[in-house]
Undergrad: 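Let me give you the structure first, and then I'll get to my questions.
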Amino acid sequence: MTKREKYEHWVDLYTDARAKRSDMDRQIKRRNELYKGVAQPIDPKTGAPAKKRADCKRNMCFELIETQINNAIPQPKVTPRDPKNVSLATDLEGYLQMEMDRLGSEETNDNAERGTLKQGTGFYLVGWDETKSTPITSGELFVKYYPLDCVYPQPGITDIKDAEYIFVLDLVTKNKIKDVYGVDIPEGSEYRNMNTLVTAYYFNKQGYLSRYGWIENTDCVVFDEEDFELRKVKVCKECGEELHDKSECPLCHSTKYEYVSMEYETLPEDIIQGNLDDPNNAVAIAKAGSQIPYYKIKQLPFVLRKNISDDTSLYGISDIDLLEGNQISMNKILTKMEENVMKAGSFVTKPKGVNIPNTDETLKIVTLADPNQMKAFSVQSTQANMQQDNILQESFYQMGRDSIGITDSYQGKRDTTAESGKAKQVSAAQAAGRMESKRRMKDAAYADLYHLMFKFLLAYCDEKRTYSRMTPTGEYVKGSFCRYNYLDVDDEGNVYYNDRFLFSVDDASTLATNRTAMWQETTNNFSLGTFGNPADPQTLMLYWNMMKGLNYPLAKYALASLQERSQQLPYELQQAIMQNPEILQAVQMVIANPDMMNQTQGGVANENS
């Protein structure tokens, strides 16, 4: 396939994917308008906007979407299939948690929450950025959220894992493309110095991940990476020597270089399996200098998150689609109510031919030809009756809210149906139960996200990465992730990367990320004696170590005070020693002569016998 044929091939597939989803793309725009409160009624006959406007006075779509935003980040839970890999699973859990903190997952989750609830579907892209390097590390993981209008999967599939290709859209600057890829791209018509980059992720004939990118509506190809997934090494173009970061070959002194794809890596050290401290239980499964295959991802680097599952479609169901009819009806009724109120007022009747001065003076003189004309003067007031309209719009609001499963208690409003505090808790819990499916979809997406992050770490993370975690005693210890620890050997002696781990999320992570709730829960358990006698200094140390781990204010000062007091004798014992100096002398003698203590104990034992 020539370069031109390849370009036409991918443009044709992209055009087909957009055409197949044209109706949904119009609905995506409609949902955004409803969320922002600028959508107008649609004429059901023509499909065009209706002639009569109906402005949004009460944005139910925005209100109910914002009510459901959940800022909790599900924490990873890794389960090994083999019990001997428990420590590897624990290290992986800790490192993934640290990575989510580094990546700013709160902002990503906030965008994904709104995007998924509004559009029913969102996408996460996982990748490896070689430009994010430090003096001790090379490259970093990245996770990026894409809204539905920026992603076009292969048409016809109902599971993202079955897709053979997928398109994503990015708004990029000319300077960035020039710096990274060395390509001058044309300027777009909408923004200066920017344009839209279309990237196709697909599998090549060997099953490896590949990508192809061009500028939308042009024939400007930015990159064509058939072996995108494979490692690339900088080598001398003349002799093939590996250059790393060098600009000149140390052997032939050539300055010409190229990047060559590598399928095998050379191990930098012996790979030991078992207990390193016990030579009898340590086995070398691979020697330093031996070559093993690089880990291959062989998966499209996307994770799909649904709002409500639809078994007939790849995409989830949008909350705004469920609310649209009620929202438009409310807009019409409230617009009518506003017009009726604004048109209401008062009018004055007067005799024909009599002029009333149009001034701001309090006293106005009106000349009458006949005293009987006084009867013609009157003021008539008109007032619209909005009672039925108000009841109807409240009914539409309640029906829309019922379709989502939200109650007054869940929104924090006054709930007249729940009189007691317990009843309000039950009402809020019932609403939460209605949305349990949405939380499960979020948890499933994060589980897939952590699994894909693990695969990228196995494929590209060369250095040992460290992180810190707190022990129950309040001390910080170092944890680490090294992909070479996940090497294993099969029955035939072949070395491979062991990725046989099960990924899910911790069900208690929602509470764990709520520090205020955790402070209260920990204090309650301490007061009830769950950790031991609350008056016991060891129990106090455990309690304040836990509060320090939860970042409770001033917890470290409480710990320091407890540790200082633990080095001192109790106040009562100090007073007793001061009143009886002979006790202190006896203790000093025992400390100076430990044998005296043994003789004393022996004498007592003989006497008892």
Side-chain angles (χ1 to χ4, degrees), residues 1-19 21 25 123-133 138-155 163-235 237 256-262 297-302 456 459-460:
M1 185 182 295
T2 63
K3 292 183 178 181
R4 185 64 188 180
E5 290 174 342
K6 191 170 187 177
Y7 165 77
E8 293 176 350
H9 169 75
W10 284 113
V11 169
D12 181 63
L13 289 178
Y14 171 65
T15 304
D16 178 68
R18 297 207 61 155
R21 218 183 72 177
D25 286 344
F123 293 87
Y124 296 98
L125 169 66
V126 180
W128 188 264
D129 189 352
E130 285 289 349
T131 63
K132 298 292 180 66
S133 299
S138 176
E140 292 285 2
L141 271 174
F142 74 84
V143 176
K144 183 178 181 180
Y145 172 75
Y146 278 93
L148 181 57
D149 58 350
C150 293
V151 182
Y152 290 88
Q154 179 181 356
E164 297 177 353
Y165 59 86
I166 189 170
F167 299 96
V168 294
L169 308 181
D170 289 284
L171 193 62
V172 296
T173 63
K174 293 181 61 177
N175 294 336
K176 183 177 181 179
I177 296 299
K178 179 66 175 178
D179 292 342
V180 177
Y181 301 104
V183 178
D184 289 314
I185 65 173
E187 188 176 89
S189 58
E190 188 173 1
Y191 299 105
R192 296 187 61 182
N193 200 37
M194 302 185 77
N195 213 327
T196 301
L197 172 67
V198 183
T199 303
Y201 291 89
Y202 65 98
F203 297 114
N204 61 16
K205 295 180 179 179
Q206 289 75 32
Y208 298 147
L209 181 64
S210 309
R211 68 173 190 169
Y212 186 88
W214 74 96
I215 300 302
E216 191 175 27
N217 299 324
T218 71
D219 58 358
C220 177
V221 177
V222 177
F223 48 78
D224 179 7
E225 298 172 328
E226 186 74 17
D227 49 2
F228 172 67
E229 180 180 352
L230 298 181
R231 291 291 193 99
K232 295 178 177 60
V233 179
K234 184 179 179 181
V235 299
K237 203 169 185 179
K256 297 181 180 180
Y257 63 88
E258 62 181 347
Y259 287 94
V260 179
S261 299
M262 305 289 291
I297 299 174
K298 293 188 176 182
Q299 176 184 345
L300 292 178
F302 289 89
F456 270 87
Y460 302 110

Undergrad: When rounded to the nearest 0.5 angstrom, what distance separates CG in N195 from CG in L171?
TA: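 Here the rounded value is 8.0 Å.
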Undergrad: Would you indicate whether Y181, at its atom OH, is surrounded by more than 12 heavy atoms from other residues, nucleotides or ligands within a distance under 6.0 Å?
TA: yes
Undergrad: With a 6.0 Å cut-off on ring centres, are F167 and Y201 close enough?
TA: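 That pair fails the under 6.0 Å test.
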Undergrad: Rounded to the nearest 0.5 Å, how far apart are CG of L300 and CD of Q154?
TA: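 These two atoms lie 9.0 Å from each other.
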Undergrad: What pair of heavy atoms forms the shortest contact from V126 to F456, and how long is it?
TA: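 Minimum heavy-atom separation between V126 and F456: O-CZ, 3.4 Å.
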Undergrad: Do Y202 and W10 have ring centroids that are under 6.0 Å from one another?
TA: yes
Undergrad: Quick one: does any side-chain atom of E140 pair with a main-chain N or O of E130 as donor and acceptor, under 3.5 Å?
TA: no
Undergrad: Is a side-chain donor or acceptor of K232 paired with a backbone partner of D227 at a separation under 3.5 angstrom?
TA: yes
Undergrad: Is it the case that R231 places NZ or CZ above or below the six-membered ring of Y460, under 6.0 angstrom from the centre and within 45 degrees of the axis?
TA: no
Undergrad: With side chains defined as the heavy atoms from C-beta onward, is the minimum distance between L13 and Y152 less than 4.5 Å?
TA: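 Result no, sub-4.5 Å side-chain heavy-atom pair not found.
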Undergrad: Which value, rounded to the nearest 0.5 Å, describes the distance between C150 atom SG and L125 atom CG?
TA: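 Rounded to the nearest 0.5 Å, the SG-CG separation comes to 12.0 Å.
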Undergrad: In sequence, state the C-alpha distance, the side-chain angles, and the governing distance for Y7 and D12, and then conclude on side chain to side chain donor-acceptor pair (under 3.5 Å).
TA: CA-CA 9 Å; Y7 165 77; D12 181 63; over 6 Å; no
Undergrad: Taking all atoms of both residues into account, what is the closest heavy-atom pair of V183 and V221, and its distance?
TA: CG1-O, 4.0 Å
Undergrad: Are K6 and Y212 packed together at the side-chain level, in the sense that at least one heavy-atom pair is separated by less than 4.5 angstrom?
TA: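 Answer yes - side chains close enough.
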Undergrad: Can any side-chain N or O of E8 pair as donor or acceptor with the backbone N or O of E5 at less than 3.5 Å?
TA: no
Undergrad: Decide salt bridge (charged side-chain N to carboxylate O under 4.0 Å, His left out) for R4 and D219; before the verdict, give the C-alpha distance in whole Å, the side-chain angles of both, and the deciding distance to 0.1 Å.
TA: CA-CA 9 Å; R4 185 64 188 180; D219 58 358; 3.8 Å; yes
Undergrad: Determine, for Y257 and K237, whether the Lys NZ or Arg CZ falls below 6.0 Å from the six-membered ring centre while staying within 45 degrees of the axis.
TA: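 Ring-cation test returns no.
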Undergrad: Quick check for you: to the nearest 0.5 Å, what is the distance between S261 atom OG and E225 atom CD?
TA: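 CD of E225 is found 9.5 Å from OG of S261.
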Undergrad: Any non-hydrogen side-chain atom of K144 less than 4.5 Å from a side-chain atom of Y124?
TA: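 Heavy-atom side-chain distance check fails, nothing below 4.5 Å.
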Undergrad: So, do P153 and F123 sit near enough that their side-chain heavy atoms are less than 4.5 Å apart?
TA: yes
Undergrad: Check step by step if side chain to side chain contact (heavy atoms under 4.5 Å, CB included) holds for I185 and V222.
TA: CA-CA 8 Å; I185 65 173; V222 177; 4.2 Å; yes
Undergrad: What heavy-atom pair brings K178 and D184 nearest, and what distance separates the two atoms?
TA: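 Looks like CD-OD1, 3.2 Å.
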Undergrad: To check you understand the geometry: which heavy-atom pair defines the closest contact between Y146 and L169, and what is its length?
TA: CE2-O, 3.6 Å
Undergrad: Using every non-hydrogen atom in the two residues, find where E216 and V198 come nearest and quote the distance to one decimal.
TA: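 Residues E216 and V198, closest heavy atoms: CB-CG2, 3.7 Å.
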Undergrad: Output yes when a side-chain donor or acceptor of E187 lies under 3.5 Å from a complementary backbone atom of R192, and no otherwise.
TA: no
Undergrad: Can you name the nearest heavy-atom pair linking W128 to S138, along with the distance?
TA: CZ2-O, 3.5 Å
Undergrad: Do L209 and Q299 have side-chain heavy atoms sitting under 4.5 Å apart?
TA: no
Undergrad: Is any side-chain heavy atom of E258 closer than 4.5 Å to a side-chain heavy atom of V260?
TA: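 In contact.
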Undergrad: Evaluate whether atom NZ of K176 has more than 12 neighbouring non-hydrogen atoms of other residues, nucleotides or ligands under 6.0 angstrom away.
TA: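 Result for NZ/K176: open.
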Undergrad: Output the distance between atom CH2 (W214) and atom CG (L197), rounded to the nearest 0.5 Å.
TA: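 With rounding to 0.5 Å, CH2 (W214) is 9.0 Å from CG (L197).
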Undergrad: Under 3.5 Å, side chain of E229 to main-chain N/O of K298, donor-acceptor pair present?
TA: yes
Undergrad: Starting at NE2 of H9, measure out to OG1 of T2 and round the result to the nearest 0.5 Å.
TA: 12.0 Å
Undergrad: So does V172 get a backbone contact from the side chain of D170, meaning a donor-acceptor N/O pair under 3.5 Å?
TA: no
Undergrad: Side chain to side chain contact (heavy atoms under 4.5 Å, CB included) for V151 and I166? Distances and angles first, verdict last.
TA: CA-CA 7 Å; V151 182; I166 189 170; 3.6 Å; yes
Undergrad: Run the side chain to side chain donor-acceptor pair (under 3.5 Å) test on D129 and T131 for me, step by step, so that the C-alpha distance in whole Å, both residues' side-chain angles and the decisive distance to 0.1 Å come before the verdict.
TA: CA-CA 5 Å; D129 189 352; T131 63; 2.5 Å; yes
